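Below is one structure, written out as structure tokens; comments come after it.
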Amino acid sequence: MAMSQQSIHGQWSSRWTFILAATGAAVGLGNIWKFPYLTGVHGGSAFVLVYIVCVAALGIPLMMAEILIGRRGRYTPVNTMKILAEESGAGPWWQSVGWLGTLAGMLILSYYSVIGGWTLAYVFKSATGAFRGVTGASAHTMFEAFVGNPWAILFWHTVFMIMTMMVVAKGVQGGIEKAVQFLMPALFVLLLLLLGYATTTGFFFDGLAFLFTPDVSRLSGTSMLTAMGQAFFSLSIGMGTIMIYGSYVPKGTSIAGTSIAIAGCDTAVALIAGMAIFPIVFANGMEPGAGPSLIFETLPVAFGHMTGGLIFGFLFFVLLLIAAWTSSISLIEPAVTLCIERYDMTRASASLWCGISTWALGIGTVVSFNVWADRTVFGMTFFDLLDFLTSNLMLPVGGILIASFAGWVMAPETSRSELDIRHPLGYTLWHLLIRYVAPFAVTLVLLHALGLL
Ligand code: PFF
């Protein structure tokens, strides 16, 4: 079947815009909020090592598979999977990969927007000098008082969601492209500035040692699954986001080169964030394993005491807000394009309805930090459960299915011609990783962590 040359939803104006947009989707709260806190909770360097191995051996080949599937199909993941399955003579049930990913995107965005809202609130707190002179105890009290008030975090969640939907409603070229073109470079500059500060704390090498001195003894099945889930989450793979961004890629773009560039930038940002945050944590005698509150409790103390802390703190939270915003845009894109293709909606009304339903689900996360804080299922709050369900189950399962589809269902001639890798061994290596390593390794880690193996 002849595939269309361009998606009905638009096309990136160049390869560079695609790299910026996909890096914008990849780099987000996952790199700056979640990576450091998970690294802290799971003991540091061993977690980092598994994370890096997962990015290189599973993440890059999977990202290539998603881009190639998206570019060949040119539709929303549900329809793309259906069309490509037909093309390969496989059953229509492969479209469930698209449904799973689209659902995962909305579930993730429902809580992502709440944390994005905290970030927005902290931009204002930092700008008004709220961190001046705070101690560990008072920063903790400030954070607890903030998240303890459901109305306050509901308000910021709402503002963040409106920001997201405003960009999404404008579409690929009008919205996403314009937004990332100036937001992404600004993000890099701000991050380097923060790293520069970290080198002056006197604890820079303690931070490095924590991140990079190997200590495999601290690695459990759960932390391996978490590191793998975090690699998927951080690269935005396993759920169709990259597939849909891939569907806007012009023909002739090198998929391998682009994937390596995106994964490289994403990993660099996470590591730089870690290298910037942990020295500040150690210099102020704080707890690296504080959990989701890590940056919201420890950084204000650091910023409250350092010279120029008002401006550094403000810049940091602006940086985090930008990163969260560009990622949240991509989380909802599969759902929005699905409504346009399947239910014939306009982009504006699709954005509105997807936005409202995701916002409503987010109320569950809002209350799980206060009125529902004691309500748990399997020992997890609503927020913990959503995070576990999406990062540790849905994304890895999506990854297994996408890898199996690209490695076993798609004809090798098709993937070879789409990838068009120049190096003679390049395609063979990719095919090996996507056919054998990715599906089996992800299944093993998943079963082991769930106690089924
Ligand atoms: N990769 C984003 C982050 O690290 O914050 C989160 C994310 C965005 C996950 C888009 C999945 C996705 F499809």
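The structure presented is a predicted model; accordingly, all values stated were derived computationally and were not measured. The chain is numbered in sequence order, starting from 1.
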Return the orientation label for the [X] and [Y] ring planes: parallel under 30°, perpendicular over 60°, tilted otherwise.
{"X": "Phe296", "Y": "Phe143", "value": "parallel"}
{"X": "Tyr427", "Y": "Trp430", "value": "tilted"}
{"X": "Phe47", "Y": "His42", "value": "parallel"}
{"X": "Tyr436", "Y": "Trp408", "value": "perpendicular"}
{"X": "Phe210", "Y": "Phe282", "value": "perpendicular"}
{"X": "Phe383", "Y": "Phe369", "value": "tilted"}

Report yes or no: do [X] and [Y] form a side-chain donor-acceptor pair below 3.5 Å?
{"X": "Ser220", "Y": "Ser223", "answer": "yes"}
{"X": "Ser113", "Y": "Trp359", "answer": "no"}
{"X": "Thr381", "Y": "Asp384", "answer": "yes"}

| request: Apply the test side chain to side chain contact (heavy atoms under 4.5 Å, CB included) to residues Trp99 and Leu338: give CA-CA distance (whole Å), side-chain angles for both, the deciding distance (0.1 Å), then the verdict. | output: CA-CA 9 Å; Trp99 285 106; Leu338 182 67; 3.5 Å; yes
Closest non-hydrogen atom pair between [X] and [Y], with its separation:
{"X": "Phe146", "Y": "Ala121", "answer": "CZ-CB, 3.4 Å"}
{"X": "Ala104", "Y": "Leu395", "answer": "CB-CD2, 4.4 Å"}
{"X": "Val147", "Y": "Asn370", "answer": "O-ND2, 2.8 Å"}
{"X": "Ala231", "Y": "Val55", "answer": "CB-CG2, 4.0 Å"}
{"X": "Ser247", "Y": "Arg74", "answer": "O-NH1, 2.8 Å"}
{"X": "Ile262", "Y": "Ala22", "answer": "CD1-CB, 3.4 Å"}

As an exercise, state the distance from [atom1] of [X] to [atom2] of [Y], rounded to the nearest 0.5 Å.
{"X": "Glu341", "Y": "Asn79", "atom1": "CD", "atom2": "CG", "value": "5.0 Å"}
{"X": "Ile421", "Y": "Ser415", "atom1": "CD1", "atom2": "OG", "value": "9.0 Å"}
{"X": "Leu446", "Y": "Ile400", "atom1": "CG", "atom2": "CD1", "value": "5.5 Å"}
{"X": "Ile67", "Y": "Ile255", "atom1": "CD1", "atom2": "CD1", "value": "6.0 Å"}
{"X": "Cys265", "Y": "Ile260", "atom1": "SG", "atom2": "CD1", "value": "12.0 Å"}
{"X": "Trp325", "Y": "Ile329", "atom1": "CH2", "atom2": "CD1", "value": "6.5 Å"}

Test your reading of the model: is there a side-chain donor-acceptor pair from [X] to the backbone of [Y], 3.5 Å cut-off?
{"X": "Ser45", "Y": "Leu211", "value": "no"}
{"X": "Gln95", "Y": "Lys82", "value": "no"}
{"X": "Ser417", "Y": "Thr414", "value": "yes"}
{"X": "Asn31", "Y": "Ala273", "value": "no"}
{"X": "Thr326", "Y": "Ile322", "value": "yes"}
{"X": "Thr253", "Y": "Val249", "value": "no"}

Side-chain touch [X]/[Y], heavy atoms, less than 4.5 angstrom:
{"X": "Leu103", "Y": "Met394", "value": "yes"}
{"X": "Thr365", "Y": "Tyr112", "value": "no"}
{"X": "Leu386", "Y": "Met380", "value": "no"}
{"X": "Phe405", "Y": "Ile69", "value": "yes"}
{"X": "Trp353", "Y": "Cys339", "value": "no"}
{"X": "Met106", "Y": "Ile332", "value": "yes"}
{"X": "Glu297", "Y": "Met286", "value": "no"}
{"X": "His431", "Y": "Arg416", "value": "no"}

| task | Would you mind telling me which of Ser328, Ser330, Ser327 makes a side chain to side chain donor-acceptor pair (under 3.5 Å) with Thr164? | result |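 Of Ser328, Ser330, Ser327, side chain to side chain donor-acceptor pair (under 3.5 Å) with Thr164 is met by Ser328 alone.
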| request: Check Thr358, Asp387, Leu361 against Leu107 for a side chain to side chain contact (heavy atoms under 4.5 Å, CB included) and give me the one that passes. | output: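 Single side chain to side chain contact (heavy atoms under 4.5 Å, CB included) partner of Leu107 among Thr358, Asp387, Leu361: Leu361.
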| query | Which residue, Leu100, Val97, Ile434, forms the side chain to side chain contact (heavy atoms under 4.5 Å, CB included) with Ile402? | reply |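 Single pass found, and it is Val97.
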| task | Considering only NZ, NE, NH1 and NH2 on the basic side and carboxylate oxygens on the acidic side, decide whether Glu418 and Lys251 come within less than 4.0 Å. | result |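 Answer for the salt bridge query: yes.
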| Do Leu225 and His448 pass the side chain to side chain contact (heavy atoms under 4.5 Å, CB included) test, and can you show the C-alpha distance, the side-chain angles, and the key distance before you say yes or no? | CA-CA 8 Å; Leu225 176 65; His448 176 59; over 6 Å; no
| task | Mind running side chain to side chain contact (heavy atoms under 4.5 Å, CB included) on Tyr248 and Glu333 for me, showing each step along the way? | result | CA-CA 12 Å; Tyr248 309 145; Glu333 184 70 6; 2.7 Å; yes
| message | For Trp118 and Tyr122, I'd like to know if the aromatic rings sit close, meaning centre-to-centre distance below 6.0 Å. | response |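 Ring centroids of Trp118 and Tyr122 are no less than 6.0 Å from each other.
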| query | side chain to side chain contact (heavy atoms under 4.5 Å, CB included) between Val50 and Met228: does it pass, once the steps are laid out? | reply | CA-CA 7 Å; Val50 177; Met228 186 177 79; 5.7 Å; no
| said: Please determine whether ring pair (Phe, Tyr, Trp, His ring centres under 6.0 Å) holds for the pair Tyr37 and Trp33, giving the CA-CA distance in whole Å, both sets of side-chain angles, and the decisive distance to 0.1 Å. | reply: CA-CA 6 Å; Tyr37 101 65; Trp33 161 73; 5.3 Å; yes
| field | Atom CZ of Phe205: over 12 foreign heavy atoms under 6.0 Å | value |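 Result for CZ/Phe205: open.
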| task | Let me see the working for Tyr51 and Ser234 under side-chain hydrogen bond (donor to acceptor under 3.5 Å, both in side chains), right down to the final yes or no. | result | CA-CA 10 Å; Tyr51 172 79; Ser234 191; 3.3 Å; yes
